[in-house]
Amino acid sequence: MERGSDPSSSSIDKTKVLDVKPLRSLAPVFPTAPPHPSGSFPFFPFGPQASHGVNQNTPTSGAIPAPIRSYRRPDGEGLNEGLPVKPKRARKSKSSEKKPKKKSQDPGSDLSSLFGISLAQKEDGDGEVVNVVLIAFDAIRRRLSQLEDAKELSTGLIKRADLKSGNILMTKGIRTNMRKRIGAVPGIEIGDIFFFRMELCVVGLHAPSMGGIDYMTPRGESEEEPQAVSIVSSGGYDDDVDDSDVLIYTGQGGNSNKKDKEVADQKLERGNLALEVSSRRHNEVRVIRGMRDAANPSLKVYVYDGLYKIQESWRERGKSGGGVFKYKLVRMPGQHSAFAVWKSVQKWKEGNPSRNGFILADLSSGAEKFPISLVNDVDYEKGPAHFTYSQSLKHPKSFSLVQTSSTCNCHSACVPGDLNCSCIRRNEGDFPYTGNGILVSRRPLVHECGPACKCFPNCKNRASQTGLKFQMEVFKTNNRGWGLRTLDPIRAGTFVCEYAGEVIDRSKINQNGEGDEYVFDTTRNYSSFKWNYEPRLLEEVSSNDSSEDHTIPSLIISAKKVGNVARFMNHSCTPNVFWQPVLYEENNQSFLHIAFFALRHVPPMTELTYDYGVSRSVHTGSSSTPKGQKKCLCGSSKCRGSFG
DNA sequence: GCTGAATCAGTGTT
DNA sequence: CAACACTGATTCAG
């Protein structure tokens with residue numbers, strides 16, 4: 001399910017692409033950190049994707065970093081193409097000598113090299129660049145939302161942060177799969193989810209920002225017939241979406257978008273014509289299913305449900321009176337299930353008990369807002385070793401406060417942009433979360449409001465204290481023991497859970513029993529990764545706090561005896577969750593907590609993983625698994641081989 | 001190349 | 001909450 005971590009998914013050959021992947025290191029690279037005194041360590045939350053030393057023994061990174069242009073397109077990679085499409089500008093011999101043409105864009109506006117996106121990757125993507133573009137999109141969108149939230153109501157300048165962010169990426173060249181194609185889109189996997197139409201746009205899955213039918217007309221061919229490439233079914237028309245393998249899709253047009261209420265008959269043109277042609281040619285059509293997010297009914301989720309073929313088409317009279325086209329699309333066999341997974345989850349939630357491997361309804365015994373079910377459909381193990389479920393983090397009495405406590409005096413709720421709020425000021429004036437509770441940026445420390453703040457408990461600046469936001473379950477993995485996965489779709493930046501347990505002293509790490517299992521340690525070496533927005537895309541002065549050495553206090557938590565769902569999260573070298581230090585006051589002291597947030601959108605039934613980091617006591621660089629480390633089984637194509 | 005039209009968005013307001 | 005109004009971005013067609 002997870003991108004790049006499913007060994008069984010051999011649909012896309014990524015290895016070729018990744019082998020020649022350009023190194024994304026134009027931005028300053030942090031030097032390898034020197035050993036630091038115990039108690040603190042440099043923390044680079046805004047750091048660009050640095051070339052980690054851990055990867056040095058792979059053949060790829062051992063070579064000299066290739067210049068951006070050296071990307072070679074793997075030939076013979078046309079396994080998805082349903083029809084030959086010419087490499088567009090390969091033979092524009094006519095106008096190729098006169099080259100002052102600036103494609104309606106000033107040349108300086110292309111910032112794709114900042115993100116390591118090559119020209120070839122703009123035309124044809126891969127999993128890597130798709131991730132980069134999607135992360136960039138959401139980071140800008142969150143930032144624009146944050147700015148809008150903080151604005152006075154009178155100057156609501158930035159409406160529609162989704163459109164704005166998408167537009168910025170499109171004009172700056174931060175996009176991929178611009179070449180339209182029939183069939184699968186490289187880098188996008190069946191089951192991937194999206195929360196905005198613009199996301200489909202910037203990764204080349206579906207180009208129109210609104211339209212439901214995307215199509216193309218191959219130019220230069222004798223017959224210039226439009227052919228459909230993808231459709232979005234999300235409730236705008238009267239589609240039949242009951243079956244997870246069959247979709248009755250309604251053609252476009254005929255709506256009275258004007259004041260006059262008259263409905264017209266749909267015409268056989270544009271998308272309708274394209275679908276007709278695709279039906280006759282038996283072309284594959286990508287299907288994106290959109291629906292309301294059950295957990296967040298105001299939003300829509302889009303699921304890429306793979307390739308379909310149009311089995312038949314007909315005309316009928318629509319409910320509003322006009323003639324409409326109908327297309328019966330049937331899902332092609334042999335694809336991973338995507339939308340079908342959603343339907344299964346829905347059934348389980350409705351209490352349908354016929355579930356394979358179901359062991360326990362609620363591992364948390366009511367401690368959490370949602371039941372945490374326990375499932376094993378792999379073997380006969382009946383559950384993890386005993387522990388006490390607790391939502392909270394237990395500090396020992398002797399724990400020294402990290403920082404003087406402080407509270408804000410806001411009434412009812414802290415308002416973004418209100419610099420009278422001391423909690424906001426501690427976050428450098430930025431409200432850490434957007435209106436719907438999504439983390440905007442990683443920071444050295446997020447200051448949340450605490451129990452003694454005057455604001456109400458539902459103040460938005462308590463995102464990590466108000467319980468789980470979606471349903472999860474503990475399940476038995478194939479080869480990594482128990483794991484944690486989500487039943488609901490998760491948006492990037494959503495709070496996942498805190499790391500609960502007992503705060504312990506460093507000397508106790510290996511005392512409690514066997515090794516450091518179920519131990520979280522802030523002082524390990526963690527790979528930096530880029531998640532925050534790129535200031536240069538917003539014409540913000542890049543605040544140079546990105547290059548400062550941020551230190552956060554040492555915190556070690558053992559969840560061996562007491563813990564919550566976080567103790568079940570496995571390690572991955574390409575994780576979908578990251579941790580973020582959060583500080584708030586309790587009992588007149590400020591305490592540090594570790595909160596986990598979704599790194600990217602996570603589809604239902606996907607395992608949640610984060611980067612365990614590497615203990616500072618072990619030496620990396622050896623080709624075999626270093627002493628004290630565990631062999632990594634995350635299955636990622638970027639796996640470092642070991643962790644711990 | 002420019003302009004306008006079409007379009008299964010997304011928010012905010014009533 | 002449903003209907004509505006309103007502002008939009010992209011791509012296509014003329």
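Letters A, B, ... mirror the listed sequences (proteins, then strands); counts begin at 1.
A salt bridge does not link A:Asp243 to A:Arg331: none of the charged nitrogens lies less than 4.0 Å from a carboxylate oxygen. Checked for salt-bridge contact, A:Asp430 and A:Arg425 miss the test: no charged N lies under 4.0 Å from a carboxylate O. By the 4.0 Å N-to-carboxylate-O rule, A:Arg141 lies too far from A:Asp162 to be salt-bridged with it.
Using a 30° and 60° split on the angle between ring planes, A:Phe495 and A:Phe597 fall in the perpendicular class, above 60°.
Within the nucleic acid shown, A:Gly253 comes within 4.0 Å of sugar-phosphate atoms alone, with no base atom in reach, counting heavy atoms only. Counting non-hydrogen atoms under 4.0 angstrom, A:Arg289 reaches nothing in the nucleic acid. Residue contacts shown for A:Arg197 are limited to sugar-phosphate atoms, with no base heavy atom under 4.0 Å away. Using a 4.0 Å heavy-atom distance criterion, A:Ser298 is classed as making no nucleic acid contact. Residue contacts shown for A:Phe196 are limited to sugar-phosphate atoms, with no base heavy atom under 4.0 Å away. A:Asp239 comes within 4.0 angstrom of a base, heavy atoms only.
Judged by atom type and distance alone, A:Arg160 reaches the base of B:dA9 through a side-chain donor-acceptor pair under 3.5 Å.
Here the P atom of nucleotide B:dT7 and the CG atom of A:Leu200 are 19 Å apart, to the nearest Å. The CZ atom of A:Arg491 sits 10 Å away from the P atom of B:dG10 (whole-angstrom rounding). Here B:dC8 presents its P atom at 12 Å from CG of A:Asp214, a figure rounded to the nearest Å. In this structure, the NE2 atom of A:His206 is 9 Å from the P atom of B:dC8, given to the nearest Å. If you take CG of A:Asp240 and P of B:dC8, they are 18 Å apart, rounded to a whole angstrom. For the pair A:Ile213 CD1 and C:dT10 C1', the interatomic distance rounds to 16 Å; values are reported in whole Å. Taking atom CD1 on A:Ile288 and atom P on B:dC8, their separation rounds to 13 Å, with Å as the unit. Atom CZ of A:Arg141 and atom P of B:dA9 are 16 Å apart (whole Å).
Pair assignment for C:dA2 gives B:dT14, based on Watson-Crick or G-U wobble hydrogen-bonding distances that are each under 3.5 Å.
With B:dG12, B:dC8, C:dA9 as the candidates, the nucleotide lying closest to the side chain of A:Ser234 is B:dC8. Residue A:Ser209 has its side chain nearest to C:dT10 when only C:dC12, C:dT10, C:dG8 are considered. Comparing B:dT11, C:dT11, C:dG8 by their nearest atom to the side chain of A:Leu163 picks out C:dG8. Here the nucleotide nearest the side chain of A:Tyr215, chosen from C:dT11, B:dG10, C:dA13, is C:dA13. Nearest nucleotide to the side chain of A:Asn167, out of C:dA9, B:dG10, C:dT11: C:dA9.
A sub-4.0 Å separation between OP1 or OP2 of B:dG10 and a side-chain N or O of A:Lys159 is absent. A:Lys180 has a side-chain polar atom (N or O) that falls below the 4.0 Å cut-off from OP1 or OP2 of C:dC12. Taking 4.0 angstrom as the limit, A:Tyr302 places a side-chain polar atom (N or O) nearer than this to OP1 or OP2 of B:dG10. Checking the phosphate oxygens (OP1, OP2) of B:dT7, no side-chain nitrogen or oxygen of A:Asn255 falls inside 4.0 Å.
You can call A:Tyr249 stacked on the base of B:dC8; the centres are under 5.5 Å apart and the planes sit within 30°.
Nucleotides of DNA chain B nearest to A:Arg292 and A:Gln252 differ in position, and the one nearer the 5' end is that of A:Gln252.
Under the side-chain contact (heavy atoms from CB on, under 4.5 Å) rule, A:Tyr249 has a single partner from A:Val241, A:Val285, A:Ile213, which is A:Ile213.
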CA sep, side-chain torsions, deciding dist, call: A:His601, A:Phe194, ring-ring contact (aromatic ring centres under 6.0 Å, His included): CA-CA 7 Å; A:His601 305 330; A:Phe194 307 87; 7.4 Å; no
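Annotation: cation-pi pair A:Arg442/A:Phe578 present, NZ/CZ under 6.0 Å from the ring centroid and within 45° of its normal.
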